[in-house]
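Notes follow once the structure below has been shown.
The chain is numbered in sequence order, starting from 1. Note that these values count all heavy atoms, side chains included, but never hydrogens, waters or copies made by symmetry.
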Amino acid sequence: MHRRIIVPSALAASLLLAIPASAADFVPGAPGIGDSYYPTSGNGGYDVSHYDLRLKYQPATDLLEGTATIVATTKQNLSRFNLDIGLAVSEVRVNGRLAKFATSGAHELEVTPATPLEKNKAVSIVVRYAGKPSEVKIDGWTAWARTPDGGVAAQEPDSAAWWFPSNDHPLDKATFDVSVSVPDGTQAISNGVLQSQSSRLGWTRFNWRSNKPQATYLATLAVGKFDITTDRTANGLPVINAYSKDLGDNAGAARASVERTTEVAEWLESVFGPYPFNSLGGYVPNVTSGFALETQTRPFYSPRQFANGANASVVVHELAHQWYGDSVSVRDWKDIWVNEGFARYSQWLWSEKEGEGTAQELADYVYATRSADDPFWTVKPGDPGAENQFHIAVYDRGALALQALRNEIGDEDFFAILKGWPQRFAYGNARVADFVRYAEQVSGKPLAGLFDTWLYEPSKPSASTAAPTAAQAGPAARAAAPRAAERSKPVQPKSWKKIAATNTVHETDRPGGHRHDAH
């Protein structure tokens, strides 16, 4: 009889295979994803691929009831993980089994599954919850706006926690199915395509699908009584616009602006490349705020954006974000320039297209009307700080940086970059440094110094960089671009007032929050 001899090392290996990982190998996921400006935003330990939200909302009472099913993959061995939500949770299941949960901080839901979760495994999480979103205050404010006939979730950098549990940071994007039941005669608007609509026992359910990765703050919900217009683009994409029935004097100007969505998107495709999503449109609810937001596929516009009449420039800004901010999102909130600098520059390009002032003339005007001691120049668009994340300098100085780049490398490479960047990082995330490297790759020029001057130095750059030299630009650019330094009294471009009227696009209602000056 022969016995198999197991040497100690082989014995140890076989035991390791037979014995599951000890509890010590499983640790809680981090309560934040690691953002520079918002350390508690998002969570560590897992990655979400899909949100399925089944909601019921009663406008009369502001009561929202929800069941969220979250499909995710673990990135580490997890004993516990967090979700971000401000509403009251009644039950959590992980992989079908009841899980323990507790709350901490301003919006953390700590979930302890019945059995620890192994790394790189698929996991399903079901959360039942309810509450009145307008009464939920996180850090003293709410991202949910009640309207005379409903409610709206739209805010930056946070809005998800007021209506669904999530990994609330742009680094963790996912697809969405949003199903909302509201009283008959009321509509529910969300992102993407309306898949179906049905009524039963006095309630109507709207089922929306956003089939491309979407940051949680770009998910939106609007409940109310809307006039809805529908169409299709030349490429067959559905266009859905919605307007509250009680917009008053702003109703006509809102429609005259938002109904140009298809036209603007088709023009932006010529600048930025193919439109990245499955639908487009916009909505204007009856809210008292003044901002607009690039909620994915269906931007949110406050009625006050149209208080002075129609303004296609704000539509240009929010639709430009579909490429710069939505398809390519920030890796960290300090990288906000890769969103806002480009959205503002798209308004300058629209002005150029419309014959209301070239981008260079707008750059010259901004440069000349801001004195060297203006605090505007102390804000660094490449890393403005949380308190200045939406300062006007991020927009206007951020756009100046792009005009300086255009002057340095010429139109051919510049527009190749504008079109190539959304393809390079499509549906992902990127940093300011990624854009600098990409621009250097395309142009073959060292550009770190230029970007440092315009994005990071807390002082007004020299006039010589504000407009192209003979060696830097082609004949057309030279003819249209007199130097700012040579203008004692810069002429205000015709488009200026319409562009300046959009300076409140991301002015928030947060106490002491992000505001930028109008000028």
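- Residues Thr73 and Asp47 have side chains that never bring a donor and an acceptor to within less than 3.5 angstrom of each other.
- Aromatic pair Tyr283/Phe300: ring centres closer than 6.0 Å.
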Steps toward side-chain contact (heavy atoms from CB on, under 4.5 Å) verdict (Val94, Val111): CA-CA 9 Å; Val94 178; Val111 178; 3.8 Å; yes
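- Side-chain contact of Gln322 with Glu294: a donor-acceptor pair under 3.5 Å is absent, judged by distance alone.
- Judged by the 6.0 Å and 45° rule, Lys460 forms a cation-pi pair with Tyr367.
- In this structure, Asp158 and Ser41 have side chains that are in contact, with non-hydrogen atoms separated by less than 4.5 Å.
- In this structure, Tyr301 and Phe306 have tilted ring planes: the angle between them lies in the 30° to 60° band.
- The pair Arg437-Glu440 does not meet the salt-bridge criterion, since no charged nitrogen lies less than 4.0 angstrom from a carboxylate oxygen.
- For the residue pair Thr175/Lys212, the side-chain donor-acceptor check at 3.5 Å is not satisfied.
- Under 3.5 Å, the side chains of Asp35 and His169 contain a donor-acceptor pair of N or O atoms.
- Among Asp172, Asp168, Asp84, the single residue meeting the side-chain hydrogen bond (donor to acceptor under 3.5 Å, both in side chains) criterion with Asn43 is Asp84.
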Determine, step by step, whether Glu457 and Asp452 satisfy the side-chain contact (heavy atoms from CB on, under 4.5 Å) criterion, reporting the C-alpha distance in whole Å, the side-chain angles of both residues, the deciding distance to 0.1 Å, and the verdict. CA-CA 6 Å; Glu457 289 184 7; Asp452 185 64; 3.3 Å; yes
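- Listed by first and then second residue, the salt bridge (Lys or Arg N to Asp or Glu O under 4.0 Å) pairs that reach into residues 413-429 come to none, sequence neighbours excluded.
- A heavy-atom distance below 4.5 Å is not found between the side chains of Lys498 and Gln347.
- With hydrogens and angles ignored, the 3.5 Å screen pairs a side-chain donor or acceptor of Ser327 with a backbone N or O of Tyr427.
- Side-chain contact of Gln296 with His321: a donor-acceptor pair under 3.5 Å is absent, judged by distance alone.
- Taking every heavy atom of both residues into account, Phe226 and Val284 meet most closely at CE2-O, 4.4 Å.
- Side-chain atoms of Arg232 and Thr262, non-hydrogen and from C-beta on, never get closer than 4.5 Å to each other.
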Could you give me the CA-CA distance, side-chain angles and deciding distance for Trp162 and Thr142, then say whether side-chain hydrogen bond (donor to acceptor under 3.5 Å, both in side chains) is met? CA-CA 8 Å; Trp162 282 265; Thr142 178; 3.1 Å; yes
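- Within the 4.5 Å cutoff, side-chain heavy atoms of Arg344 are placed close to those of Ile499.
- A donor-acceptor pair is defined here as one N or O able to donate and one able to accept, closer than 3.5 Å; such a pair exists between the side chain of Glu352 and the backbone of Ala359.
- Between the side chain of Asn95 and the backbone N or O of Ile125, no donor-acceptor pair lies under 3.5 Å.
- Side-chain atoms of Thr233 come within 3.5 Å of backbone atoms of Asn235 as a donor-acceptor pair (strictly under, hydrogens ignored).
- The main-chain N or O of Arg431 is found under 3.5 Å from a side-chain atom of Asp434 such that the two form a donor-acceptor pair.
- The closest side-chain heavy-atom distance from Pro276 to Trp323 is below 4.5 Å.
- Between the side chains of Ser179 and Asn207, at least one donor N or O sits under 3.5 Å from an acceptor N or O.
- There is a side-chain donor-acceptor pair under 3.5 Å between Ser210 and Gln214.
- Side-chain contact between Tyr456 and Val432 is present, with heavy atoms from C-beta onward closer than 4.5 Å.
- No donor-acceptor contact under 3.5 angstrom links the side chains of Ser289 and Arg304, judged on distance only.
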Given ring pair (Phe, Tyr, Trp, His ring centres under 6.0 Å), test Phe342 with Phe435 step by step and report yes or no. CA-CA 12 Å; Phe342 295 81; Phe435 184 85; 4.9 Å; yes
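- When atom types are taken as modelled, the side chain of Tyr37 and the backbone of Asp332 share no donor-acceptor pair closer than 3.5 angstrom.
- A donor-acceptor pair under 3.5 Å links the side-chain atoms of Lys173 to the main chain of Gly428, judged by distance alone.
- A ring-centre distance under 6.0 Å is not found for Phe272 and Trp421.
- Side chains of Glu259 and Asn241: a donor-acceptor N/O pair is present below 3.5 angstrom, by distance only.
- The aromatic rings of Phe451 and Trp337 lie perpendicular to each other, with more than 60° between the two planes, well past the 30° mark.
- Between the Thr67 side chain and the Arg54 main chain, no donor and acceptor come within less than 3.5 Å of each other.
- In this structure, a donor-acceptor pair under 3.5 Å is absent between the side chains of His317 and Thr502.
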For salt bridge (charged side-chain N to carboxylate O under 4.0 Å, His left out), just list the numbers for Arg331 and Asp335, CA-CA rounded to whole Å, side-chain angles, deciding distance to a tenth of an Å, and then say yes or no. CA-CA 7 Å; Arg331 284 191 63 82; Asp335 299 306; over 6 Å; no
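- Panel note: side chain Lys445, backbone Glu408; a donor-acceptor pair is recorded below 3.5 Å.
- Tyr395 and Tyr345 have their aromatic ring centers separated by at least 6.0 angstrom.
- For Ser302 (side chain) and Gln305 (main-chain N/O), no donor-acceptor pair under 3.5 Å exists by modelled atom type.
- At least one side-chain heavy atom of Leu362 sits less than 4.5 Å from a side-chain heavy atom of Ser351.
- For the residue pair Thr295 and Thr220, no side-chain donor N or O sits within less than 3.5 Å of a side-chain acceptor on the partner.
- Looking at Gln195 and Arg209, their side chains come closer than 4.5 Å, going by heavy atoms from C-beta outward.
- Just one of Trp144, Tyr129, Phe176 meets the ring-ring contact (aromatic ring centres under 6.0 Å, His included) condition when paired with Phe164; it is Phe176.
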